[in-house]
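Here's the structure, in structure tokens; my notes come after.
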Amino acid sequence: MLKKLTDYQGQRKAKDMVDFVLPQVPNNVQAVGSKGKNSKSLEDFVLADTNMPRALLISKKSTTSPLLKGISTEFKSRLVVGELRTSDTETLAKIEEHKKFESYPVLLIFPKGVNGPDGVVLYEGELKYKPLTAFLEKYALEKPKKKNGKDDKKPAKESKKSKSDPSPKTEEPFDPKIPEITNQLSLQNDCLNKPGVCVVAVSDVESEYEESTAAHAANLAVLEKIKKKYHEKNAGLQFAWVNGLKAPKPYFLTQFDIPDFHPALFIVNGKKGVYRIHRGSFDEHGIEGFLDEVLKGRGRNVKFAFEPVMEKAADNAKDEL
């Protein structure tokens with residue numbers, strides 16, 4: 001998730017590219033303690049808004065990890081993620097008045113309504129992405145549901161429709177999940193054969209690297225928010241993503257001239273045979289601006305007559321011995 005478009009001049013190796021992207025992942029972690037210009041005191045963090053659950057990581061590290069940044073972005077507006085460094089001994093002493101820990105890091109959860117030491121939950125699992133997010137999901141606020149204000153404003157009009165149309169169309173329920181394109185069938189079913197415009201994100205993810213997984217989760221979190229916004233606008237957009245590190249490389253990325261630097265995003269309309277690459281930043285503002293231009297018919301789409309495929313067909317030999 002990049003705040004601005006930046007040229008990558010390094011080697012085309014997964015680790016080098018991940019090392020370049022990670023420092024640019026948005027940081028929604030609240031610094032807690034007596035040190036730092038933007039830090040909140042422990043009291044303010046605990047008492048600020050008890051209607052919002054809070055998670056506090058007490059860490060020995062001097063910098064915020066990419067994993068914590070990714071989690072803070074994924075749970076934004078549903079759970080506040082804070083970080084206290086053990087070097088802040090004054091603030092740490094306040095916590096150790098109630099509970100001392102043998103070692104750090106330690107993750108404490110302040111569920112909704114808790115404003116003191118009573119009711120605080122200690123996380124005792126692995127500090128890895130999957131177990132952490134599964135645990136935090138139990139305490140985070142629910143993801144906001146689709147607002148349905150339009151139906152209340154036009155009851156008369158709907159009643160007329162119901163009289164003339166015995167089987168009125170029902171709006172599809174919102175599914176926040178962004179399907180992954182993994183093979184030719186999913187490329188067709190989740191994108192090319194869908195009506196209208198398909199929005200495809202290219203995100204590099206290596207499951208064995210926690211940092212890579214966290215950065216990918218942050219990218220998908222942005223895409224899920226955008227998908228929800230355009231669903232509420234009835235824009236008719238389809239969304240999907242593909243792993244840019246998938247081997248062999250998905251050939252349709254080459255067919256559409258998608259840049260090797262990821263995350264990237266483009267739109268394709270399989271019915272009309274057109275596509276367009278997003279050249280701006282991979283964040284909500286940049287992507288929404290791009291999609292608005294597409295929906296308004298502004299800018300230039302590129303026509304194509306080939307069939308987008310996951311794998312390039314093997315070349316047939318012209319001569320045989």
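Numbering of residues begins at 1 and proceeds along the displayed sequence. In this text, all values refer to a predicted model and were calculated from it rather than measured experimentally.
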What I'd like to find out is whether the side chain of [X] reaches to under 4.5 Å of the side chain of [Y], using heavy atoms alone.
X	Y	answer
F252	V268	no
R279	I277	yes
D257	V302	no
N28	F75	no
N219	L223	no
D260	K249	yes
V81	L57	no

Crowded around [X] [atom1]? As in, over 12 foreign heavy atoms under 6.0 Å?
X	atom1	result
E102	CD	no
H98	NE2	yes
E311	CD	no
K112	NZ	no
K76	NZ	no

Out of curiosity, does [Y] fall in the hydrophobic cluster containing [X] (side-chain heavy atoms, cut-off under 4.5 Å, transitive links)?
X	Y	value
F266	L291	no
V32	V80	yes
L220	V242	no
M310	W241	no

For this session: Starting at CG of L237, measure out to CD1 of I267 and round the result to the nearest 0.5 Å.
Result: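 The CD1 atom of I267 is 9.0 Å from CG of L237, to the nearest 0.5 Å.
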Donor-acceptor contact present, side-chain [X] to main-chain [Y], <3.5 Å:
X	Y	answer
E210	Y129	yes
Q184	P308	yes
Q30	N38	yes
N243	V205	yes
K227	K177	yes
Q255	E307	yes
H262	P259	yes
S212	E206	yes
R85	A31	no

Exercise. Angle class for the F101/Y104 ring planes (parallel below 30°, perpendicular above 60°, tilted otherwise)?
Worked result: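 Perpendicular: the ring planes of F101 and Y104 meet at over 60°.
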Exercise. Would you call the rings of F256 and F304 parallel, tilted or perpendicular if under 30° counts as parallel and over 60° as perpendicular?
Worked result: perpendicular
Salt bridge flag under 4.0 Å for residues [X] and [Y]:
X	Y	value
E224	K228	no
E83	K61	no
K143	E137	no
E293	R276	no

Exercise. With a 3.5 Å cut-off and no angle check, do the side chains of E74 and T133 form a donor-acceptor pair?
Worked result: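 On atom types as modelled, these side chains do not qualify, holding no pair under 3.5 Å.
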